Amino acid sequence: MAGGRLGDLGRYFPHARLSRARCPPRRLTLSSPEERTFPLMHALKVTRAEDFPEWYQAVVREADLAELSPTRGCMIIKPWGMGIWERLQGELDARIKASGHENYYFPLLIPMSFIAKEAEHVEGFAKEMAVVTHHRLKAFDGVMKPDPEAELAEPLIIRPTSETIIGDAFSRWIKSYRDLPLKLNQWANVMRWEMRTRMFLRTAEFLWQEGHTAHVDEADAMAETMLALEIYRSVSEDFLAMPVIAGEKPENERFPGAERTYSIEAMMQDGKALQAGTSHYLGTHFAEAQNIRYQDKEGGQTLAHTTSWGVSTRLIGGVIMTHGDDDGLRTPPTIAPRQIVIVPMLRGKPEDTQLLEYCVSLCAELSATSALGAPVRAFVDMKDARPADKRWDWVRRGAPLICEIGPRDAAGGQVSYLIRNALREGDKIKTHTLARAEFVREAPMLLEQMQRALFREAKARMDGAIRDDLKTFEDVAAYYGADEGAEFKGWARVQWAKPTGAALEEVGDRLKALKLTIRNAPLAQPASFGKCIFTGAQAVEEILIARAY
RNA sequence: CGGGGUGUAGCUCAGCCUGGUAGAGCAUUAGCUUUGGGAGCUAAGGGUCGCGAGUUCGAAUCCCGCCGCCCCGACCA
């Protein structure tokens, strides 16, 4: 029995190199005649269960998504990571344009005086601002330093977000109610001097999209705020296969200067929440600070109501922690830069030519099909490397379908392939085989099925890990306080009286002691409420509480 | 910014306690063998031991300072 297992491993890894770099610490004990131990191999050297943060770092590195740059807190995004971002960008851009927005580009550098206008906004960002003060370098004893004679009259800040410089433009562009609504978007990089950075999740510089709009009144601006939130929910779930819960942030978690902030929250595989997108109704705060007024139909000067909303490369971190497994990333087919990768089992012999021809024509055939509303992205990996190494590279990157075509496949007109989201059967790698024509016909469906399966799996995990049976703060404390940090803890959906000010601060402190935060008040609320878990008073709202990134 | 850990070859790490002139595996290069799957054998190349100052005849190793990275905390649109 166990000997049979060794045989299986032998079949799939006949030349397995048992390097430390590739072996997990766990070992399978197998009783072969010699009582040997054989490692259970997976493509990453850390598993999620052993060390989730380490595992996350390993996926970013091993899936070749990005690496650290010489600049502190900033990253070099590599083609597989950038390709994912470009797919996401394309989808979002299309939806943003389809909902009546136009793209603009505003400058990276913002006059420092601009940031001083909205008091709360200033305070929220002041501590993490990068400032440009000089326009020239000069050598002092061979060391380049900013030239003291080249100091800027007014320092510039590197945008941490563009509310202020866009608000300035709004104040000039908006004269009449006929100019409203003004709905714009920009794709940009922004910089926030973060204390502690983490690849994709919180980097000093990141890529994002920021929407900024101005409206005649609150109702119109609120409709816009909710529209953006719905775009984010839909893109997360339908495109990234990442289930989220959309809701309103509590007062203490609002964007600096916002009247109301909404978010989508996604559950990572360690049970923590990730704020994956935000949408803000800014009221007239920025309009007041920056004099954004229009002449209304009655001829009076009226303040515009503005919104802003954004999602960033952080979403890629969310995808990793939603869909990754111990073999690397499982890239949802919608965003996989390459959906079907064909690895020819080249042997450095004359028949390689025919094998390559077979692979190239298969690739062309696959590329002529469509899946998930777009042409299938197929690719033949002709890199001069060992086929087995190429296979594992694509497994770690999470190419949805990995075809391994040997001479016998070519001769027999068939395709052997791996399905990335169902890579293993037990401890073994599961190889499928289909006749070529059948595979070409099936492949788009396999991709679509994988997209649905990834979402279903993540959705089931999230839904199954939200407790709604915690009725008192003591219940919450007992659940999250036990087995400190060791065990998987999901979220809790609890009811509260929505305190404000100092009372809310006290709630925050009590949660903080358990390392918990309020994520949001989901849009879908029950019809009636019981008691507030914090005060015992009549509850008015249901909120999600969780540990968070 | 506070606490903890860590930094040695492209990668993963050993050596440090008890100072004596740099190691392993993988990767790379070359040759031979192998060929339905993360190959085997042989040989070769590759390191300012994070940076700086100090103790010492001699420092990867001991002392001091600084920096990067990771984790926890604080902070976080």
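Per chain, numbering begins at 1; letters A, B, ... match sequence-line order. None of these values were measured; they are calculated from a predicted model.
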Just by protein heavy atoms under 4.0 Å, how would nucleotides 71-76 of chain B read 5' to 3' in B, S and -?
-> SBSBSB

With sugar-phosphate meaning primed atoms plus P, OP1 and OP2, does A:His280 contact a base, only sugar-phosphate, or nothing at under 4.0 Å between heavy atoms?
-> sugar-phosphate

Distance only, no hydrogens: is a donor on one side chain within 3.5 Å (strictly under) of an acceptor on the other, for A:Tyr549 and A:Asp270?
-> yes

Have A:Ser162 and A:Gln186 got a donor and an acceptor in their side chains that come within less than 3.5 Å?
->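 Note: A:Ser162 and A:Gln186 side chains meet the donor-acceptor criterion.
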
d([atom1], [X]; [atom2], [N]) in whole Å:
| X | N | atom1 | atom2 | value |
| --- | --- | --- | --- | --- |
| A:Arg72 | B:G50 | CZ | C1' | 17 Å |
| A:Glu62 | B:U12 | CD | C1' | 10 Å |
| A:Asp352 | B:U35 | CG | C1' | 11 Å |
| A:Glu67 | B:C11 | CD | P | 10 Å |

From B:C69, B:U35, B:G37, nucleotide with atom closest to A:Arg347 side chain |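 Of B:C69, B:U35, B:G37, B:U35 is nearest to the side chain of A:Arg347.
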
Salt bridge or not between [X] and [Y]? Use side-chain N to carboxylate O under 4.0 Å.
| X | Y | answer |
| --- | --- | --- |
| A:Glu230 | A:Arg95 | no |
| A:Asp327 | A:Arg424 | yes |
| A:Asp325 | A:Arg420 | yes |
| A:Glu265 | A:Lys249 | yes |

RNA chain B: 5'-proximal contact among A:Ile405 and A:Met199 (nearest heavy atom) = A:Ile405

For A:Glu404 and A:Thr278, take the nucleotide of RNA chain B holding the closest heavy atom to each; which residue's nucleotide lies nearer the 5' end?
->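 Per heavy-atom nearest nucleotide, the more 5' residue is A:Glu404.
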
OP1 or OP2 of B:G37 less than 4.0 angstrom from a side-chain nitrogen or oxygen of A:Arg386, does that happen here?
->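 No, because none of the side-chain N or O atoms of A:Arg386 sits under 4.0 Å from OP1 or OP2 of B:G37.
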
